[in-house]
Amino acid sequence: MTDFEDAALEVIARLKPGDVVTYGEVAAEAGFPGAARAVGSLLRKTGADIPWWRVVGAGGYLRSPDPARQARLLAEDGIVVIDKRVH
DNA sequence: CCCCTGACTAGAA
DNA sequence: TTTCTAGCCAGGG
C-alpha cells in the first residue's frame, strides 16, 4: 500500500453524507496535489468500503463509468444531480 | 529502464 | 466553445 493510497483512502473514508469533493481535492488533501488521475485509478481498483460516489470531477461533473448509478447514490445523500453534474 | 494508459486538471491556442 | 499540451501518480507490458 503506497503512501498515496493510504492517505487518499482515508480522505475519502471521512466524507459524510452531503459532502462532495473533486479528484483534485482528494489528491491535495492527501498531500499529493496534482495527482487527481491517481485518485481515479485508485477508485477503479478499490472495492466497496468507501463512499466513492462522493468523489466527482472538476466542475461537479460525474466521471464514473456508471454516472446513472452514482447520481442515484448521491440522491440518497440528498444531493441534486442535473445533467450528470452536481451544482 | 522505457513507453503507454487512465473514474484528472488547469491553462494555452 | 472546442482542442491541445503539460503535469501529476499508479499500473501494466
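Each chain gets a letter, A, B and so on, in the order the sequences are listed, and its residues count up from 1. Both backbone and side-chain heavy atoms feed into the values below; hydrogens, waters and symmetry mates do not.
Taking each heavy atom of A:Ala58 and A:Thr22 in turn, the nearest pair found is CA-CG2, 4.2 Å. Here the shortest heavy-atom pairing between A:Ala36 and A:Ala27 reads N-CB, 3.9 Å. The minimum heavy-atom distance between A:Val26 and A:Ala8, with the atom names listed, is CG1-O, 4.1 Å.
Membership of the apolar cluster around A:Val80 extends to A:Ile82, as traced through chained side-chain contacts below 4.5 Å between ILVMFWY residues.
Using P as the reference atom, B:dT5 and C:dC4 are 16 Å apart when rounded to the nearest Å. Across B:dA7 and C:dT2, the matching C1' atoms stand 22 Å from one another, rounded to whole Å. Nucleotides B:dC1 and C:dG13 have their C1' atoms positioned 13 Å apart, rounded to a whole Å.
The ring-ring contact (aromatic ring centres under 6.0 Å, His included) pairs that include a residue from residues 26-64 of chain A are A:Phe4-A:Phe32, where partners are two or more places apart or lie in different chains. Under the side-chain hydrogen bond (donor to acceptor under 3.5 Å, both in side chains) criterion, the residue pairs touching residues 29-49 of chain A are A:Glu5-A:Lys45, with sequence neighbours excluded. Listed by first and then second residue, the ring-ring contact (aromatic ring centres under 6.0 Å, His included) pairs that reach into residues 65-87 of chain A come to none, sequence neighbours excluded.
A heavy atom lying under 4.0 Å from DNA chain B marks the following residues of residues 55-63 of chain A, by number: A:Val56, A:Gly57, A:Ala58, A:Arg63. Heavy-atom distances under 4.0 Å link DNA chain B to no residue of residues 74-87 of chain A.
For A:Asp77, the salt bridge (Lys or Arg N to Asp or Glu O under 4.0 Å) partners two or more places apart in sequence, or in a different chain, are A:Arg54. Residues that satisfy the salt bridge (Lys or Arg N to Asp or Glu O under 4.0 Å) test with A:Arg72, not counting sequence neighbours, are A:Glu76. Judged as a side-chain contact (heavy atoms from CB on, under 4.5 Å), and not counting sequence neighbours, the contacts of A:Ala28 are A:Pro33.
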List, with names and distances, any nitrogen or oxygen atoms from the protein found under 3.5 Å away from nitrogen or oxygen atoms belonging to nucleotides 1-7 of chain C.
unit_1 : atom_1 : unit_2  : atom_2 : d
C:dG7  : O6     : A:Arg37 : NH1    : 3.3

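Residue contacts shown for A:Phe4 are limited to sugar-phosphate atoms, with no base heavy atom under 4.0 Å away. Across all strands shown, A:Gln70 has no heavy atoms under 4.0 Å from either base or sugar-phosphate atoms.
Distances shown here put a side-chain N or O of A:Lys45 below 4.0 Å from the OP1 or OP2 atom of C:dG11.
How far CD of A:Gln70 is from NZ of A:Lys84: 10.0 Å, rounded to the nearest 0.5 Å. Rounded to the nearest 0.5 angstrom, A:Thr2 OG1 and A:Leu42 CG are separated by 7.5 Å.
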Quick one: side chains of residues 9-16 of chain A, donor-acceptor pairs under 3.5 Å with protein atoms, not counting sequence neighbours, listed by atom name and distance.
unit_1  : atom_1 : unit_2  : atom_2 : d
A:Glu10 : OE2    : A:Arg14 : NE     : 3.3
A:Glu10 : OE2    : A:Arg14 : NH2    : 2.4

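Scanning DNA chain B 5' to 3' for nucleotides with an atom closer than 4.0 angstrom to a non-hydrogen atom of chain A gives a first and last hit of B:dG6 to B:dA10.
If you measure from atom CG of A:Asp3 to atom C1' of C:dA10, you get 13 Å, rounded to the nearest angstrom.
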